[in-house]
Amino acid sequence: KKEAIRIVKECASLGMFHMVFIHCIVGGALNEYAICNCCADGCVPFILNRTLGQNIYPLVKGEWEASSGDQAKCTGCGICVEFCPFSGRKIVGGKSTTLDCFGCGICYERCPNGAITLVKQPFC
């Protein structure tokens with residue numbers, strides 16, 4: 001468990017996002033899972049989702065969602081926008097705004113001012 005947590009944290013520091021990937025769905029049963037540390041350049045499910053769209057190749061959002069948090073701390077530097085693999089943030093009126101968040105937390109980790117918070121969402 002400690003090794004898995006260390007690996008996930010190390011990968012997050014490199015800008016990778018975490019995904020639980022379901023390898024086999026047979027007869028409605030979920031048969032195999034893999035925890036992936038993905039990058040936007042090589043993750044096939046991510047690339048398919050970005051290319052084909054959420055309606056054709058959906059990814060399930062996580063339990064967490066990035067909130068714009070403390071807007072007084074936001075300098076509008078755009079680092080969160082730059083590192084979001086899902087294009088889920090943009091700068092509006094000089095401040096970072098959450099658009100469509102998948103809950104990977106990279107923007108939260110990368111924000112140099114601590115302006116972003118993660119809020120737990122009901123998981124379906």
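In this chain, residues are counted from 1 in sequence order.
Leu14 and Ile106 fall into different hydrophobic clusters, where Ile, Leu, Val, Met, Phe, Trp and Tyr are joined by side-chain heavy atoms under 4.5 Å apart, directly or via other members. Linking ILVMFWY side-chain heavy atoms closer than 4.5 Å, directly or via other members, places Phe83 and Met16 in two distinct hydrophobic clusters. Cluster membership check: Trp64 shares its hydrophobic cluster with Ile116, using side-chain heavy-atom separations under 4.5 Å among Ile, Leu, Val, Met, Phe, Trp and Tyr. Linking Ile, Leu, Val, Met, Phe, Trp and Tyr residues whenever their side-chain heavy atoms come within less than 4.5 Å leaves Ile7 and Ile5 in two separate clusters.
Considering only heavy atoms from C-beta on, Cys43 stays 4.5 Å or farther from Cys36 through its side chain.
At distances below 3.5 Å, not a single donor-acceptor pair connects side-chain atoms of Arg6 with backbone N or O atoms of Lys1. Remark: side-chain polar atoms of Lys95 are paired, donor with acceptor, to backbone N or O of Cys74 under 3.5 angstrom. Without hydrogens or angle criteria, Gln71 side chain to Ser96 main chain gives a donor-acceptor distance under 3.5 Å.
The SG atom of Cys104 lies 12.0 Å from the NZ atom of Lys61; values are rounded to the nearest 0.5 Å. Distance SG/Cys39 to CD1/Ile47: 7.5 Å, rounded to 0.5 Å. Lys90 contributes atom NZ, which lies 13.5 Å from atom SG of Cys84 (distance to the nearest 0.5 angstrom). The CD atom of Glu82 sits 11.0 Å away from atom CD1 of Ile91, with the distance rounded to the nearest 0.5 Å. Taking SG of Cys101 as the reference point, atom CG of Leu118 lies at 7.5 Å (rounded to 0.5 Å). Interatomic distance, CZ of Phe102 versus OG of Ser87, reported as 10.0 Å (0.5 Å rounding).
Between His18 and Cys11, the shortest heavy-atom distance links the atoms CE1-CB, 4.5 Å. The two atoms that bring Arg110 and Gly15 nearest to each other are NH2-N, 3.3 Å, heavy atoms only.
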- Test side chain to side chain contact (heavy atoms under 4.5 Å, CB included) on Phe86 and Gln54 and set out the steps. CA-CA 11 Å; Phe86 297 98; Gln54 186 70 1; over 6 Å; no

- Please lay out, stage by stage, how Arg50 and Tyr57 fare under the test side chain to side chain contact (heavy atoms under 4.5 Å, CB included). CA-CA 9 Å; Arg50 296 293 99 181; Tyr57 196 93; over 6 Å; no

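The closest side-chain donor-acceptor pair between Arg89 and Thr98 falls under 3.5 angstrom.
In this structure, Phe46 and Phe17 have tilted ring planes: the angle between them lies in the 30° to 60° band.
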